[in-house]
Each structure stands twice: as structure tokens, then as C-alpha cells.
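Order of the sequence lines fixes the chain letters, A, B, ..., with proteins taken first and strands second; residue numbering starts at 1 for each chain. All values reported here derive from a predicted model rather than from experimental measurement.
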Number of protein chains: 2
Amino acid sequence: MQTPKRPGRPSTIENASDSILQEAARLFAVTGYDGASISQISDALGITKPAIYHYFPSKRAIYDEIILRMLDGLYETVSTKVTELPPGRRQLRQFMLSHAAFLEENFWGFAAMLVGFGGMDDVETKAEAVVIRDRYEALLRRIICDAMAVGELRDVDVVTTGRAILSMLNWMARWFRPGGAQSAAEIAETYFTLIADGITQPPEPSTTAGA
Amino acid sequence: MQTPKRPGRPSTIENASDSILQEAARLFAVTGYDGASISQISDALGITKPAIYHYFPSKRAIYDEIILRMLDGLYETVSTKVTELPPGRRQLRQFMLSHAAFLEENFWGFAAMLVGFGGMDDVETKAEAVVIRDRYEALLRRIICDAMAVGELRDVDVVTTGRAILSMLNWMARWFRPGGAQSAAEIAETYFTLIADGITQPPEPSTTAGA
């Protein structure tokens, strides 16, 4: 799980808990949250169950931490990338490409998050996750509005356009697998072209050729 | 669950099993497959557990039947609608609108299907489901190809365009709820316009106005 490190933790703990989170994410994504057990995680890592409980009080705590790290990492990565560019079409393209690249780099964590974001248990943690998710959606909407303001996008419904874009990107967790013919960013590039330029054949400029 | 009736079953059994499927779908969609129990289904319907086992041998059998009915109903409904129109842009629009309308009418079954299609247990049933899903994707790709052939869509990557469209429509199961300000078909109409026409501001025809 290559998300930004939280400050103040020694790196050995960071590494051990990172391994637990990574293995747990893979299991949650493959078997679902309910189907995965702490025993399976400890078996896969070749450690004992108490070693896991040393870092996390419960399976739910592992799950919540995965979701928070994913959302946090996604927001930080993508917002850093897009602020390198001025407002406009290219900034929207950058948003889509960095989102897809993050999904690929953190594939299992991302897939685990989308499997069951709604199932988060701890009320405070869930509230924190919702705040980050809303901030992320707001970032995308601002990018769309800014691109409209500079005249590069036409006057579209910002909320629905944002949803359309996130739907395309997030649904990748369902069918995309790293290591295939195309990278996630390449697919996002095609998605960007589809939604930016549309798929309608423009009318031919002047020639009135039949058939 | 308003899917096409399978032939050869008496209608009283159809009604009882329909109620079970409907209640089970809502539960699976809300709590996930593992979180839902036969007891919860029987409690919600005010019937006994044996009454449920009279129709379905297991929770998994209920789940598999929901997925099959959803896929079957989706394919039948949408393919009937689109074949009423000639190939072209409008046929693609019809595909998106009927898919969304089916999602809204069969909301919980649809949401349950998307929660855990991968988790189907019975190998034969899963193979049947995969066949229907593939046939549905093939239908969409044929619509896109046909619209390109008649010159109404530009030369796009058919597979990725099909995926983009299904992503937008399927992700609705995650955030859309029936009874809101917009119907699912209205949202699909906006999605169609976005992907058909694109969101880029076209260059102004001739006036070279600055700022």
C-alpha cells in the first residue's frame, strides 16, 4: 500500500502494519469483507494472530484503516498533480489519469474500498472518510467549473458530469486488473477523449457527398 | 421483481417465490450477501423458514436466482426496446435509457447483483449468468458498431466506449435511489448527451473576439 506515510510512527511498525493492510486488502477485495478472516491474513503473512492484534484491535479496524488510507492517498496524489496545471481541459485530463494511476498502484486497497465503503463501522472513522470523499468530489467539480470558466468546456451539468467521470474511473475496480495490455492511465486517457470530444460523427464541413 | 416470468410455473408459486426474491434482494443489497440470513428474510415476510426452503434449497440458490433473473430481464427488456429503432445514435440512447429504467424498476435486485456477481457459487448457474452478461455487452458493442457504420458515430474504440457507457449506468446502483428528484432514465439521458456530444466547448465559428 503505497499511500503517504502518516507522521510520528517508527518505520518498522509502519512496515509490519503496511504488510497486514496490504494482505487484508487483497483478501477483502477477493472474498469480500465477511468472507475474510484474521486467520487467513496471518496465515498468508506467516505470522501469528496475536501479531496482527498487536497492530489492529479488530478486522473492522483493519478495514477502516484501508479505506481511510485509500481516500487520503487518492486525494493527496490527485490534488497535487492537478494543481501543477492551469485550469482547463488538460487539468480534467490530469485528474482522470492520476486517479487511474493511483487505482493501479494501490489496486487491492482500492478494490477493497469500493467493495464495501458503506459497511464502515466506526462512526467517527466513517465521518472522516465521508469528509475526504466529499472533498475529492468537490475537487473534481471545481476542475470542471474552472474549465468552463476559461471557456474550454461547454456549459454542462457539473454534478452529473462529475458523476459520469467518477463512474467510469471507479468501475475499473470491477473489471481492470494490473498487468494487462493497457495501463489504467491509458484507459483513462481513452475515457477522457470519449467524454471530452464525444462520440458523435461531426457533420462533414462542406462537401455534400451522398452515401 | 418485475422480470419476465419463466414459463411452466403456476402463478401462486411464482408470487410466493417472487416475494422471497424481492425481500432477499433488498437485504443482500443493504447488508451484503454474508450479512443477510434466511431468518431475516422470513421475519420480514412474516413466514416461516421452512416456507422459504419449500421454494429454495439455500440462501445461495436465492441469490443465484436473483442474478439470473436480473441479467435475463435486463437483456430481454433492453434488446426488445432497441430493436424497435434503426441503427444509429438514437438506438444507443435507447439502450442507455432502457437500461436505466430497468435498474430503477428492479432497483434492489439490480443492486444485489452488482454487489456480488463474482460470488456466485453454482458453476453451471454462474456459466449461464456469464453467457447472458456477455450477450448483453455484445448487444451494446453491436449498437455502437452499427451507429458507426451508418456514419452517426465517429470511429471510436468500441470495447472501451461500451465499457465507459456500462460503467456510468452500473455505478448508479451505488449512489442512485428511486424516488429522488430525477428518474434513472433522466440521468441516463444526461449521460447520453455527455458522451454523445462531449463536454469540450467547440471553437466559435468565425468571430475572433478576444477575452
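- Other residues, nucleotides and ligands place more than 12 heavy atoms under 6.0 Å from the CG atom of A:D134.
- Side-chain N/O atoms of B:R89 and A:T200 include a donor and acceptor closer than 3.5 Å.
- Counted within 6.0 Å of CZ on B:R90, heavy atoms from surrounding residues, nucleotides or ligands total 12 or fewer; the atom is thus considered open.
- Each of B:I195, B:D197, B:I144 was compared with A:I199 under the side chain to side chain contact (heavy atoms under 4.5 Å, CB included) criterion, and only B:I195 meets it.
- Using a 4.5 Å heavy-atom cut-off against chain A, no residue of residues 78-86 of chain B qualifies as contacting.
- Chain A is approached within less than 4.5 Å, heavy atom to heavy atom, by B:R163, B:A164, B:S167, B:M168, B:N170, B:W171 from residues 163-173 of chain B, ordered by number.
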